[in-house]
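Below, chain A is the first sequence line, B the second, and so on; all start at residue 1.
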There are 2 protein chains.
Amino acid sequence: MSIISDSAHLSDLSVVKSVSLTSALEKELERLILTGELEPGVRINEIHLSNRFGTSRGPIREATRSLEAKGLVEVVRNRGVFVRRLSVEDAIEIYDVRAALFGQAGRLLAERMTDGLLAELTRMVDEMDAVAERGSFDDYYPLNLGFHNLIVSSCGNRTLLAEYHRFVNKLHLFRARALVQGGGLAVSNREHRAMLEALASGDGERAQVTHWRHVALAKRRLIAAVDGHARND
Amino acid sequence: MSIISDSAHLSDLSVVKSVSLTSALEKELERLILTGELEPGVRINEIHLSNRFGTSRGPIREATRSLEAKGLVEVVRNRGVFVRRLSVEDAIEIYDVRAALFGQAGRLLAERMTDGLLAELTRMVDEMDAVAERGSFDDYYPLNLGFHNLIVSSCGNRTLLAEYHRFVNKLHLFRARALVQGGGLAVSNREHRAMLEALASGDGERAQVTHWRHVALAKRRLIAAVDGHARND
DNA sequence: CTTCATCAATCTGTTGACAGTTTTCATTCC
DNA sequence: GGAATGAAAACTGTCAACAGATTGATGAAG
């Protein structure tokens, strides 16, 4: 029973010498965690990993310490490191932080909006409407992600962008991850239109409120889904 | 010329064996950085540190990787780790993030306010008013810090609390740190009163706006101070 | 059959050493 | 006098090994 199912990415590690082995390992571990190949709660065995990657334990320990600071794993003394497992309460807390950050991004973006960007965002929302009508969730999800990413990436605050990504990533550690993506497609996209209008108006305050509310409503949908799921247990 | 001027804290490290050496070192390094004993831009020498702390380089490397992920130091391959140095732009970006987080904390707190907490917060603002009248900045600063901390600590979101602290700490890496603390004392405390009223009203939206604005205005005061300082150069 | 104690195997915490790179500094040349 | 050069010192990247803790199994006692 191997922890890592596919080691095809390892070759990349040895080839690239311009970047440190530690950070390459960290990236690879982060990928394994975010894709779910290393499931939440699983213990990460240093020896297994070092054998798998063909390195010593040192760089692996450094990489896991970095991941610990990022909140992706948990280190317990003399017992090892575990892929962090998010409770429902943790996920809800993250939604509040995300709402705050996304609202701020909306405000900043509204105050530096360009016609080209507005056109691109509008195009994305139109496309999402079309996909939502077909009810195709698997197609909707990446579009939705790209829409949000474009907003935060364009707001002009790189610190905010990094933090936003950190928290969106952390949500991958939520066991009932499917619930996160739940909720009505059409409803969500209606909120997108409200955000678009606020961004187009150039009113930062208004944009902040609409963007904040969009995440707050997603949080509500998550809570409702969790409650419904609990009833069905 | 020793990097670490005082090693009185080292004894604590060796005594406590319940916690890992790495995390103890990390805490100590973080303290040295936040207090300014290790100034921004300074290179951290692994060998010197290991001699100073009486350990090998391994745990120190792990601690610095963790600090890197937290954004307190910067690691350059084959050159070493450097205490991170924040530019004016970085500081301004952090203010936006902090405003978003603090506003969210205000909203959450308004929705779970208690009479006891309101009384305590009011007492603090009254005390700050008294101190501000005397114009004693050194006395005002810790009170101000405690007021903000109490708000974020009481909002009920531990994730938000941790993030908020992380960013407030990061501001210590700003070289012109004195400017951060600048601005009118009385003006700032007037904003505190507006926050108090919003918190007392239980109106989350209103509380979020007042709390957000308080940090946004502090950011403006910082920008004004930087500009003024630049003119005087 | 269950529970507890003991012991072996496994894994983490830490250390010291070696290899390769960067920096420093003395020397040489213009 | 100042810039270029080259060797030596210093430092980081990585590794292998040892010590201590934890886990799991084995066997005895109730």
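- Terminal axes of the helix from C:dC1-D:dG30 to C:dC30-D:dG1 (five pairs each, C1' rotation axis) are separated by 10°, to the nearest 10°.
- Proximity of A:Arg57 to the phosphate of D:dA16: no side-chain N or O atom is located under 4.0 Å from OP1 or OP2.
- Considering only heavy atoms from C-beta on, A:His165 comes within 4.5 Å of A:Asn149 through its side chain.
- Toward the 5′ end of DNA chain D lies the nearest nucleotide of A:Gly58, the other residue of the pair A:Gly58 and A:Asn78 mapping further downstream.
- Here the options are B:His214, B:His211, B:Arg98, the test is side-chain hydrogen bond (donor to acceptor under 3.5 Å, both in side chains), and the partner is B:His148; only B:His214 passes.
- Atom CG of B:Leu49 and atom C1' of C:dT15 are 17 Å apart (whole Å).
- B:Phe167 meets the ring pair (Phe, Tyr, Trp, His ring centres under 6.0 Å) test with no other residue; sequence neighbours excluded.
- Contact annotation: A:Asn45 reaches the phosphate of C:dT12 (side-chain N/O to OP1 or OP2, under 4.0 Å).
- Using a 4.5 Å heavy-atom cutoff, the side chains of A:Glu39 and A:Val83 are not in contact.
- Comparing A:Pro59 and B:Ile47 by the nucleotide of DNA chain D whose heavy atom lies nearest to each, the residue mapping closer to the 5' end is B:Ile47.
- Rounded to whole Å, the distance from CD on B:Glu26 to P on C:dT14 is 13 Å.
- Protein atom CG of B:Leu21 is 18 Å distant from nucleotide atom P of D:dA19, rounded to whole Å.
- For A:Arg43 and C:dT12, the shortest distance from a side-chain N or O to OP1 or OP2 is below 4.0 Å.
- A:Glu62 has its CD atom 12 Å from the P atom of D:dT12, to the nearest Å.
- Distance B:Arg61 CZ to C:dG16 P: 16 Å, rounded to the nearest Å.
- The phosphate of C:dT23 (OP1 or OP2) has a side-chain N or O of B:Arg79 nearer than 4.0 angstrom.
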